[in-house]
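The block underneath contains the structure these notes are about, expressed in structure tokens.
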There are 2 protein chains.
Amino acid sequence: MTTTILVVEDDVAIRDMLCFSLKQMGYTCIAAGDGEQGLDCLKIQQPDLILLDWMLPGIDGIEFIRRLRANEFLANIPVIMLTAKGESEDLVKGLSVGADDYVNKPFSPPELGARIKAVLRRCNPTESDGKQTIECDKLVLDTKSHRVTVDGERIDLGPTEFRLLHFFMKNTDRAYSRGQLLDYVWGDTVYIEERTVDVHIRRLRKALEPSGYDNFVQTVRGVGYRFSAEM
Amino acid sequence: MTTTILVVEDDVAIRDMLCFSLKQMGYTCIAAGDGEQGLDCLKIQQPDLILLDWMLPGIDGIEFIRRLRANEFLANIPVIMLTAKGESEDLVKGLSVGADDYVNKPFSPPELGARIKAVLRRCNPTESDGKQTIECDKLVLDTKSHRVTVDGERIDLGPTEFRLLHFFMKNTDRAYSRGQLLDYVWGDTVYIEERTVDVHIRRLRKALEPSGYDNFVQTVRGVGYRFSAEM
DNA sequence: ACTAAATGTTACAGTTTTATAACAGTCAAT
DNA sequence: ATTGACTGTTATAAAACTGTAACATTTAGT
């Protein structure tokens with residue numbers, strides 16, 4: 001799950017610096033040079049957060065937020081204002097118009113990062129797309145506590161086996177090739193031998209063995225693997 | 001049940017006067033000379049209400065409240081602003097930022113007392129006793145007295161370990177990343193190495209060791225830590 | 001039954017993650 | 001100034017995890 005941030009800032013140097021820092025922090029970044037451009041970007045793609053310079057040519061910060069909040073699809077996107085020092089007047093205006101937080105220029109990347117994290121957290125209190133536990137017969141995977149249990153009996157899994165089981169339990173009764181599993185469970189950026197999947201399947205089976213659920217992990221010869229309650 | 005009030009006011013005379021009046025009214029009083037000091041106080045002890053002068057050297061009222069609201073433990077503490085006459089501008093700002101009420105200087109102690117009572121009533125509708133202690137098996141954490149005991153046996157914790165345990169006991173059976181713990185326990189405005197969390201986890205475990213509750217603090221490899229009665 | 005391909009299993013070396021201890025700076029109380 | 005408690009950082013040790021390759025077994029087709 002990548003988090004996308006829209007940066008609206010007219011100063012090229014600052015904009016580039018921002019995008020660079022944000023990417024380093026693992027965010028995906030869209031950049032706009034003025035309010036008009038920024039609003040255009042929003043028509044195409046909805047970011048998870050907006051970094052908004054307050055002093056903009058054309059549409060200024062206040063106006064930008066107004067228009068943003070006026071659109072029901074965009075109204076909930078949190079906004080962090082970037083203000084120069086001494087603009088505390090505007091600051092209050094901004095917060096009252098609907099900005100969620102602000103950062104004074106100049107700021108350090110860590111500080112900005114902290115603010116971004118805080119705002120995202122505040123705005124996504126539900127987190128983790130709802131479902132807290134996934135069940136399959138008596139097998140229970142709890143995403144919050146990061147635990148797998150059968151009848152309350154705990155099953156120990158390494159990080160990779162946990163992700164693998166998690167994926168399987170979210171997508172039961174369906175066969176996946178080793179390549180697909182690598183993409184979905186490991187991520188598509190790494191290059192790993194396909195046979196490695198076999199090894200982790202083995203480890204998962206072994207961990208599930210005492211509970212008898214190891215046969216839920218099924219081999220589909222010539223294709224890959226499948227997780228299913230039915231034999 | 002004593003009610004504690006934090007006074008943040010830079011003018012010594014007014015501050016002392018306030019503390020004196022408050023004590024007369026039966027409140028316990030903590031005093032801070034500026035915003036920085038005030039925030040430090042909050043790390044150690046959570047008051048039931050904050051009296052906040054609006055004109056402060058360093059961190060001003062807006063910033064103070066902003067930081068306050070950013071911390072989940074402190075977010076609900078009501079704030080009464082102390083404003084000089086003619087600062088009606090700031091008044092609006094303050095209320096929009098999240099102050100709960102205001103009192104114009106100069107004010108009379110009875111007036112202030114009335115406001116305090118009103119705000120406390122408004123903000124603690126459930127109250128009367130509220131949860132003062134959190135328990136986990138025989139482990140008892142008293143939020144007011146800032147004490148942790150097992151079977152009446154006292155356990156000594158440093159401030160950070162106390163907050164960490166406090167957070168854990170409020171959120172058991174759930175894995176948190178080091179980053180999340182930093183956000184929730186340390187606050188999202190500081191930038192601290194993630195490894196530092198490990199060290200404090202270690203200190204917490206060590207402190208709990210003699211009681212045998214150290215294994216409640218569990219490592220979730222690849223993720224972070226979890227506090228749970230179940231192994 | 002024989003063969004080739006696919007999968008199961010195991011051991012291991014390298015890497016990553018976590019635990020622990022030691023250190024230095026801060027702050028308040030004395 | 002000095003002490004002592006506390007905090008954050010860092011270095012090193014220990015533990016856990018990972019990917020690979022080598023070998024074993026099963027499977028399907030002949």
> To the nearest 10 degrees, how far apart in direction are the end axes of the helix from dA1(C)-dT30(D) to dT30(C)-dA1(D), each fit to five base pairs?
Replying inline: 30°
>> Using every non-hydrogen atom in the two residues, find where Leu22(B) and Val7(B) come nearest and quote the distance to one decimal.
In response: CD1-CG2, 3.6 Å
>> If I take atom OH in residue Tyr225(B) and atom C1' in nucleotide dA16(D), what distance separates them, rounded to the nearest angstrom?
In response: 13 Å
> Rounded to whole angstrom units, what separation is found between the CD atom of Glu209(A) and the C1' atom of dT9(C)?
Replying inline: 12 Å
Pairwise N/O distances under 3.5 Å, protein to nucleotides 7-11 of chain D:
from	atom 1	to	atom 2	distance (Å)
dT7(D)	OP1	Pro159(B)	N	3.3
dT7(D)	OP1	Thr160(B)	N	2.7
dT7(D)	OP1	Thr160(B)	OG1	2.6
dT7(D)	OP2	Glu161(B)	OE1	3.3
dT7(D)	O5'	Thr160(B)	OG1	3.1
dG8(D)	OP1	Trp186(B)	NE1	3.1
dG8(D)	OP2	Trp186(B)	NE1	3.2
dG8(D)	OP2	His200(B)	NE2	2.8
dG8(D)	N7	Arg203(B)	NH1	3.4
dG8(D)	O6	Arg203(B)	NH2	2.7
dT9(D)	OP2	Glu193(B)	N	2.9
dT9(D)	OP2	Thr196(B)	OG1	2.6

> Has the side chain of Asp137(A) got a donor or acceptor atom that lies under 3.5 Å from a matching backbone atom of Leu139(A)?
Replying inline: no
> What pairs with Tyr225(A) under ring pair (Phe, Tyr, Trp, His ring centres under 6.0 Å), at least two apart in sequence or on another chain?
Replying inline: none
> Quick one: are the ring centres of Phe167(A) and Tyr176(A) less than 6.0 Å apart?
Replying inline: yes
> In whole angstroms, how far is the P atom of dA14(D) from the CG atom of Asp198(B)?
Replying inline: 17 Å
Using atom names, set out every protein N or O paired with an N or O of nucleotides 25-30 of chain C below 3.5 Å, distance rounded to 0.1 Å.
none

>> Just to be sure I understand the rule, does Phe162(A) reach a base, reach only the sugar-phosphate, or reach nothing, if contact means heavy atoms closer than 4.0 Å?
In response: nothing
> What is the minimum heavy-atom distance between Thr172(B) and Cys136(B), and which atoms define it?
Replying inline: CG2-SG, 4.0 Å
> Do Gln180(B) and Arg174(B) get their side chains close enough for a donor-acceptor pair, meaning under 3.5 Å?
Replying inline: no
>> To check you understand the geometry: which heavy-atom pair defines the closest contact between Glu9(B) and Arg15(B), and what is its length?
In response: O-NH1, 3.0 Å
> Just wondering, do Trp54(B) and Leu52(B) contact through their side chains at under 4.5 Å, heavy atoms?
Replying inline: yes
> His146(A): what forms a ring pair (Phe, Tyr, Trp, His ring centres under 6.0 Å) with it, not counting sequence neighbours?
Replying inline: Phe162(A)
> Can you check the Leu204(A) CG to dG8(C) C1' distance for me, whole Å?
Replying inline: 14 Å
> Would you call Arg67(B) and Glu63(B) a salt bridge, using N to O less than 4.0 angstrom?
Replying inline: yes
> To the nearest Å, how far apart are Gln218(A) CD and dT7(C) P?
Replying inline: 14 Å
>> Across nucleotides 1-6 of chain C, 5' to 3', mark each nucleotide with B, S or - according to how protein heavy atoms within less than 4.0 Å reach it.
In response: ----BB
> What is the distance from CG of Asp156(A) to C1' of dA15(D), rounded to the nearest Å?
Replying inline: 14 Å
>> Quick check against the 3.5 Å criterion: does Gln132(A) have a side-chain atom that pairs as donor or acceptor with the backbone of Lys144(A)?
In response: no
> Are Phe20(A) and Asp16(A) side-chain neighbours, meaning at least one heavy-atom pair lies under 4.5 Å?
Replying inline: no
> If each of Arg205(B) and Lys206(A) is mapped to the nucleotide of DNA chain C with the nearest heavy atom, which maps nearer the 5' terminus, i.e. the 5' end?
Replying inline: Lys206(A)
>> With a 4.0 Å limit, can you tell me whether Thr219(A) has a side-chain N or O closer than that to the phosphate oxygens OP1/OP2 of dG8(C)?
In response: yes
>> One thing to verify: whether Arg147(A) and Asp173(B) come together as a salt bridge, which I'm taking to mean a side-chain N less than 4.0 angstrom from a carboxylate O.
In response: yes
>> Quick check: closest heavy atoms across Glu209(A) and Arg202(A), and the distance to 0.1 Å?
In response: OE2-NH1, 4.4 Å
>> Please tell me if Arg202(A) has a side-chain N or O lying less than 4.0 Å from either OP1 or OP2 of dG8(C).
In response: no
